[in-house]
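See structure below.
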Amino acid sequence: MYVLWIKAFHIVFVIAWFCGLLYLPRILVNLSQETDATAVNRLLGMARRLYRFTNMLSVITVLLGAALWAGYGYGPGPAWLHAKVGLVVLVIGYQHACGSLLKKFEMGKNTRSHVWLRWFNEVPALLLLAIVILVVVKPF
């Protein structure tokens with residue numbers, strides 16, 4: 001019974017986390033094209049707050065996921081779960097890359113174009129697609 005509650009909250013926090021991961025790079029795209037100092041400061045503030053909030057969501061998501069993994073017992077668990085965890089590690093790396101890009105924008109040292117950032121913005125959607133397929137289809 002408790003596992004279902006944990007799973008439900010895990011799904012909700014995954015959704016919230018990915019909302020932040022999909023929106024933060026979009027703010028960075030806007031920052032890369034903005035020339036007005038007031039707008040840049042506003043976008044930087046939005047990005048900082050969203051990054052901090054997204055970090056909090058990621059911690060809760062990972063803790064709930066770890067609680068679900070613990071439900072598989074002391075063994076290694078199924079192969080699809082290992083693949084999913086590997087992709088989650090990539091998502092965490094992506095989140096840190098967003099933080100690194102944000103710091104570069106804050107220091108005025110961004111070298112990435114808005115086109116590069118638009119492609120970068122697609123990465124979490126692809127990772128989410130792969131994770132959902134692993135969880136639902138369990139191909140291994």
Side-chain angles (χ1 to χ4, degrees):
M1 177 68 166
Y2 290 111
V3 172
L4 293 177
W5 281 101
I6 293 170
K7 188 181 289 188
F9 281 106
H10 179 64
I11 292 168
V12 168
F13 278 95
V14 166
I15 292 167
W17 181 22
F18 271 86
C19 286
L21 289 177
L22 291 166
Y23 188 54
L24 181 58
R26 187 65 207 154
I27 294 173
L28 299 179
V29 169
N30 292 335
L31 270 168
S32 71
Q33 295 179 301
E34 189 57 65
T35 56
D36 179 56
T38 304
V40 167
N41 286 332
R42 184 175 60 253
L43 288 169
L44 283 173
M46 289 171 59
R48 278 187 215 105
R49 289 185 297 275
L50 182 58
Y51 184 67
R52 281 194 306 265
F53 188 62
T54 303
N55 281 337
M56 180 195 66
L57 294 169
S58 70
V59 169
I60 296 169
T61 302
V62 169
L63 289 175
L64 290 169
L68 287 171
W69 192 349
Y72 281 98
Y74 295 106
W80 67 265
L81 186 56
H82 288 278
K84 176 197 170 195
V85 169
L87 290 175
V88 169
V89 169
L90 290 177
V91 173
I92 293 169
Y94 177 85
Q95 180 175 331
H96 287 287
C98 287
S100 176
L101 288 168
L102 176 57
K103 285 179 186 173
K104 288 179 182 175
F105 273 105
E106 290 173 330
M107 295 184 303
K109 297 182 178 181
N110 173 53
T111 58
R112 303 292 184 176
S113 71
H114 69 92
V115 174
W116 187 91
L117 290 164
R118 286 176 199 276
W119 283 103
F120 180 74
N121 188 45
E122 302 304 321
V123 172
L126 297 173
L127 289 170
L128 180 61
L129 175 66
I131 289 168
V132 169
I133 288 171
L134 285 170
V135 172
V136 174
V137 178
K138 296 177 178 58
F140 302 113

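Heads up: numbering here begins at 1 and tracks the sequence. Values below: every heavy atom of this structure, side chains too, minus hydrogens, waters and symmetry copies.
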Can you measure from [atom1] ([X]) to [atom2] ([Y]) and round to the nearest 0.5 angstrom?
| X | Y | atom1 | atom2 | value |
| --- | --- | --- | --- | --- |
| Arg118 | Ser32 | CZ | OG | 7.0 Å |
| Leu50 | Leu102 | CG | CG | 9.5 Å |
| Trp17 | Leu22 | CH2 | CG | 11.5 Å |
| Tyr23 | Asn121 | OH | CG | 11.0 Å |
| Leu44 | Phe105 | CG | CZ | 8.5 Å |
| His114 | Gln33 | NE2 | CD | 5.0 Å |

Taking [X] for its side chain and [Y] for its backbone only, find out whether a donor-acceptor pair lies under 3.5 Å.
| X | Y | answer |
| --- | --- | --- |
| Tyr94 | Phe120 | yes |
| Lys138 | Val135 | yes |
| His10 | Thr61 | yes |

Are [Y] and [X] connected into the same hydrophobic cluster when the rule is that any two of I, L, V, M, F, W, Y join if their side-chain heavy atoms are below 4.5 Å apart?
| X | Y | value |
| --- | --- | --- |
| Leu21 | Trp116 | yes |
| Leu64 | Ile15 | no |
| Val136 | Val12 | no |
| Val89 | Leu128 | no |

- prompt: Would you call the rings of Phe9 and Phe13 parallel, tilted or perpendicular if under 30° counts as parallel and over 60° as perpendicular?
  reply: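 Taking Phe13 first and then Phe9, their aromatic rings sit tilted (interplane angle of 30° to 60°).
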Heavy-atom closest pair, residues [X] and [Y]:
| X | Y | value |
| --- | --- | --- |
| Leu134 | Lys84 | CD1-N, 3.6 Å |
| Leu43 | Ile27 | O-CG2, 3.6 Å |
| Phe140 | Trp80 | CD1-CA, 3.6 Å |
| Cys98 | Leu28 | O-CD1, 4.3 Å |

[Y] side chain reached by [X] side chain, heavy atoms, under 4.5 Å:
| X | Y | answer |
| --- | --- | --- |
| Pro124 | Val91 | no |
| Ile92 | Val62 | yes |
| Val85 | Trp69 | yes |
| Leu117 | Leu101 | yes |

query: Would Ile131 and Val88 count as a side-chain contact (heavy atoms from CB on, under 4.5 Å) if you check the C-alpha gap in whole Å, the side-chain angles of each, and the deciding distance to 0.1 Å?
result: CA-CA 8 Å; Ile131 289 168; Val88 169; 4.2 Å; yes
message: Working note: Val3 + Leu68, criterion side-chain contact (heavy atoms from CB on, under 4.5 Å); need CA distance, chi angles, decisive distance, verdict.
response: CA-CA 7 Å; Val3 172; Leu68 287 171; 4.0 Å; yes
field: Other ILVMFWY residues reachable from Val115 by side-chain steps of under 4.5 Å
entry: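 Answer for Val115: Trp119.
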- prompt: So with a 6.0 Å cut-off around CZ of Phe53, is the heavy-atom count from everything else above 12?
  reply: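 Atom CZ in Phe53 is not packed in, count stays at 12 or less.
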task: Kindly write out the residues that satisfy salt bridge (charged side-chain N to carboxylate O under 4.0 Å, His left out) with Glu106, not counting sequence neighbours, or none if the list is empty.
output: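 With sequence neighbours excluded, Glu106 shows a salt bridge (charged side-chain N to carboxylate O under 4.0 Å, His left out) to Arg48, given in chain and number order.
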- prompt: Should Leu127 and Val123 be marked as a side-chain contact (heavy atoms from CB on, under 4.5 Å) after you check the CA-CA gap, both sets of side-chain angles, and the distance that decides it?
  reply: CA-CA 6 Å; Leu127 289 170; Val123 172; 3.8 Å; yes
